[in-house]
Amino acid sequence: QFAGPGAMVAAKEDAGAGFRRSSRRQSTSVNPSLPGGLVAAVGSLKLHQVPDVAALAAWLEERGVATSTWGEGTTKGVDKLYKELKLGEAGLEVFSTKEGGLKVVRSTHVLRGKVCSQKSYERKIFLFNTWQQYSDGRKRTRNGLLSEKLSTEEVPLESHLHEVCKRAVEQEEMQCLVEAGFMLDAGGDIPEFDPSYRSTLTVDSEVLTDYTLELEESKSFPGLMTMYHLYTVDIICSGLPGVDFNTLEFHPPDDQSRRRLKYIHAWNWLRWPTIQRYLFEGSKLKETKKRQSFESEEELRQWLEEYGVMTEEWGRDGYKSVASLFSEVEKDQAQLELWGRHDGVPLLMRVVHVLQIKVVTDDVPLENKFLLHTFMQGSDGRARTVNRLMSKKLSCSQVPFDEERFTQVAKQTFQDQMTYLADVHFEINPDQLPKPEDLVRSEVEVNRVRYLGKHTDIEESPSFKGMSTMYHLYTMELEVDGLPGTNFNSVDFVRYTTPSLSGWRWTTLPETLDVLHNRVQAVSRQENRVRRYLAEQRMHLETFAERLSRIKVQMQIERKDDASDADGSPKSQGGAAAVVDELVDVCNGLRHEAELSLEAEKEQPDFFDADALPPAMLSKMAADSITEPRFEDRMTSAATLGANRKKHSFPFLSDDTMTRIKSKRDRGISMCTRSSESPHKSASQATSEAVLPTASAVPSVAPTRSYLGLALSLCAVQVAAGLVQLRRGKASNGGSACGWGQVLAAAGAAALLLLELRSSPQDQSF
């Protein structure tokens, strides 16, 4: 029933091989893998098979594509699809699927051009189409690259690349240049096409930099899948203005050979990172790769390289291998997400969910301190700086997570890493690895677990070069007993197949910020040393290049003298020429190295900046969570309630006073408690803890000097007022009962306040 392997299928395969030859991604020679569970193309529709619209509808119905609702609402009819096929704007292909069935796919080909001049190309500055204006005056935001639809006759693109680029630049979107401020006014004249006009732009060269496939269900033709073949090309032109400008695009000639205005395009010169930010705007999640999405490591490698992630350096120089990433995905420890839009650029993101554990204790000397993971030493003896909270990578195999699951994982992670403790000087000897029986098990206990919140972070992955990683970070607080009160180490036999050593330090938030600041300063000093070294090496290279240039000139002079000598030997002349040529090569090589060192010195650090992504896109990415629905809302409400309770807990009163107040109030309050409360607690204790936070839940706050000074000042004022009243009464021979009352009341209040302060052990310092 099929016409055999279709022309587009074969053309696509031929094009894929050619693309890799002309692409900058020289390291790969694979074709893009088929998305959406497609396996291979088994045929394509020939136009002579469907002589009319009815025949096309019947052909689609026979292959499971229902067309009865086409043409209703915003959808297009079968006649529109037939017109696309007839004009070569699209094609229909049949693919086999992983389930063993067949699927009809509509194929379209789109070129995205990064137009630039030779100088701007070297500086990575390209033209960006910011807005378009229709001939009726309507204006819309474009924010895209030069875009050109390809006909099926122009595939494979490699054979027609130069012609397609010339048509897009010189004859269509950029065929007529005008100044940047040019636009249509209401009721103004519409410019007409001038047949004598000749474009000043010339396409000098083009480089295909990317070829990707995207598959989604067509909005115009419901039930019909559409595959977009997206080609990104660097188009280097001459004759481009050095400033922003507009262009006029006209329709093809009509029956009267007139060409009406189609668009006014606004073009701005922008750096490529800025263009990428605009192209990310409006991106949506195209594909998610999870466990069993890849059959092998090689399939994963091909998929990564299709979207610009080069893996040549993976597995060496401190980077993890493709096998490690494949293992992460298969163990549900990470997922891979592909974001993008048709006229944008693809963004490949590694998504990891991590549980952070803030370990605290109720010991007074360690109040307001938490445990910081300072370093980790492997079984090979090599150590690396960590400086973060205790953490555990979460598995997505059992979702969603609730408070019980988070609590379980947090406790288990703490026990795994704190079972075997050692002193701060303990180190791992690679020749004699520690064993569990050689160490003493600790007696640490977890008293309380509390969920603190979630946040996200995006960075260039330190483990997989060239890949961006989004971390979903969930934080739990553990209050524990049994840990040393000073810095210590621990040996972990669970996380890896071999034992590892971790260093731990009790610290506060200001101390942690100081550690981070010192680390940044150290990296800055190291970077400055490297820059000075590069500058010195460049200076030496330039000096050597100049010396070799002088030697080359001298050798050329001597060679001419030898050639003019009657006794000169052709053999010696040939040897001298070879030496000169070799010196020229060395000289050019040294100059090239000097230029490379200068570029390296000016190069900015290679890291992923989350600010390069639009806020809306970041919000979409951060919304992906492994928690159960409304878990975050419940935890936030609980935290707010706790804060309100703390706000009304009278921090200027001591713990003994608060206990007496609560015990009196408990006698008049009856409240049901949850079954999860400890059975050893009395009803009044459970009730009071439910209404007011206890000392373990809310740190007690000792009275400050301001409260003490204010209270004593008021007492002093009352005593002074009473004494004044006594003197007035004595002078007038009147009663002095009121004065004595003020004095005694003030003195009594001061005595009670001092007695209360003395009864609180925490207030002795005052």
Side-chain angles (χ1 to χ4, degrees), residues 74 76 80 87 89 108 110-117 120 125-150 164-203 219-220 228 230 232-233 235 237 239-272 274-283 341-345 614 616:
T74 59
K76 296 181 180 180
K80 299 295 184 182
L87 296 177
E89 297 177 353
T108 62
V110 180
L111 179 141
R112 299 177 297 189
K114 297 163 58 179
V115 182
C116 59
S117 63
S120 67
I125 298 177
F126 302 91
L127 285 170
F128 193 60
N129 190 188
T130 54
W131 55 264
Q132 292 176 338
Q133 188 178 26
Y134 296 89
S135 58
D136 59 3
R138 289 179 297 121
K139 190 176 178 181
R140 74 181 182 101
T141 301
R142 174 71 172 84
N143 285 346
L145 300 171
L146 178 142
S147 181
E148 179 71 12
K149 288 185 178 181
L150 307 180
V164 170
C165 292
K166 283 182 66 67
R167 183 182 76 239
V169 174
E170 300 178 14
Q171 301 175 18
E172 295 189 4
E173 290 195 21
M174 293 187 172
Q175 60 184 279
C176 181
L177 274 66
V178 293
E179 61 182 10
F182 183 87
M183 65 177 60
L184 297 179
D185 297 328
D189 295 334
I190 299 177
E192 298 181 355
F193 179 75
D194 183 4
S196 63
Y197 176 82
R198 296 293 179 268
S199 174
T200 60
L201 304 184
T202 303
V203 176
K219 297 179 180 179
S220 302
Y228 296 91
L230 305 176
T232 303
V233 183
I235 306 177
C237 305
L240 286 170
V243 296
D244 299 341
F245 59 93
N246 293 355
T247 59
L248 307 180
E249 180 182 359
F250 294 88
H251 285 283
D254 55 17
D255 297 338
Q256 300 178 358
S257 299
R258 293 191 309 176
R259 301 185 61 180
R260 296 180 292 105
L261 180 67
K262 184 177 183 180
Y263 294 118
I264 298 177
H265 299 276
W267 301 94
N268 294 78
W269 290 102
L270 297 175
R271 295 187 179 276
W272 180 240
T274 305
I275 293 178
Q276 283 181 305
R277 177 182 173 87
Y278 282 106
L279 294 179
F280 285 142
E281 189 71 56
S283 295
R341 71 183 199 190
H342 297 321
D343 58 346
V345 292

**Prompt:** Of all heavy-atom pairs between Phe182 and Leu248, which one has the smallest distance, and what is that distance?
**Reply:** CE2-CD2, 3.7 Å

**Item:** Minimum side-chain heavy-atom gap Ile275-Tyr278 below 4.5 Å
**Value:** no

**Asked** Under the salt bridge (Lys or Arg N to Asp or Glu O under 4.0 Å) rule, what pairs show up with a residue in residues 167-184, not counting sequence neighbours?
**Response** Glu148-Arg167, Glu154-Arg167, Lys166-Glu170, Arg167-Glu172

**Asked** Which heavy-atom pair separates Val233 from Cys165 by the least distance, and what is that distance?
**Response** CG1-SG, 4.1 Å

**Asked** Within a strict 4.5 Å, meaning less than it, do heavy atoms of the Leu127 and Phe245 side chains meet?
**Response** yes

**Message:** So Trp267 and Val115, do their side chains get closer than 4.5 Å, heavy atoms only?
**Reply:** no

**Message:** Give me each pair satisfying salt bridge (Lys or Arg N to Asp or Glu O under 4.0 Å) with a member in residues 192-202, each pair once, sequence neighbours excluded.
**Reply:** none

**Asked** Is Ser120 reaching over with its side chain to a backbone N or O of Ile125, donor-acceptor style, under 3.5 angstrom?
**Response** yes

**Request:** Quick one: pull up CD in Gln132 and OH in Tyr263 and give me the separation to the nearest 0.5 Å.
**Result:** 5.5 Å

**Item:** Asp254 atom CG, neighbour heavy-atom count above 12 within 6.0 Å
**Value:** yes

**Prompt:** For the residue pair Ile264 and Met183, what are the closest heavy atoms and their distance?
**Reply:** CD1-CA, 4.0 Å

**Message:** Which residues pass the side chain to side chain donor-acceptor pair (under 3.5 Å) test with Thr130, not counting sequence neighbours?
**Reply:** Asn268

**Prompt:** Do the non-hydrogen side-chain atoms of Leu240 and Trp269 ever get within less than 4.5 Å of each other?
**Reply:** yes

**Prompt:** Between Asn129 (side chain) and Ala266 (backbone), is there a donor-acceptor pair under 3.5 Å?
**Reply:** yes

**Message:** Less than 4.5 Å apart, side chain to side chain, heavy atoms only: is that true for Arg142 and His265?
**Reply:** no

**Minimum side-chain heavy-atom gap Asn246-Trp131 below 4.5 Å** = yes

**Prompt:** Do Lys149 and Thr108 have side chains that get closer than 4.5 Å, going by heavy atoms?
**Reply:** no

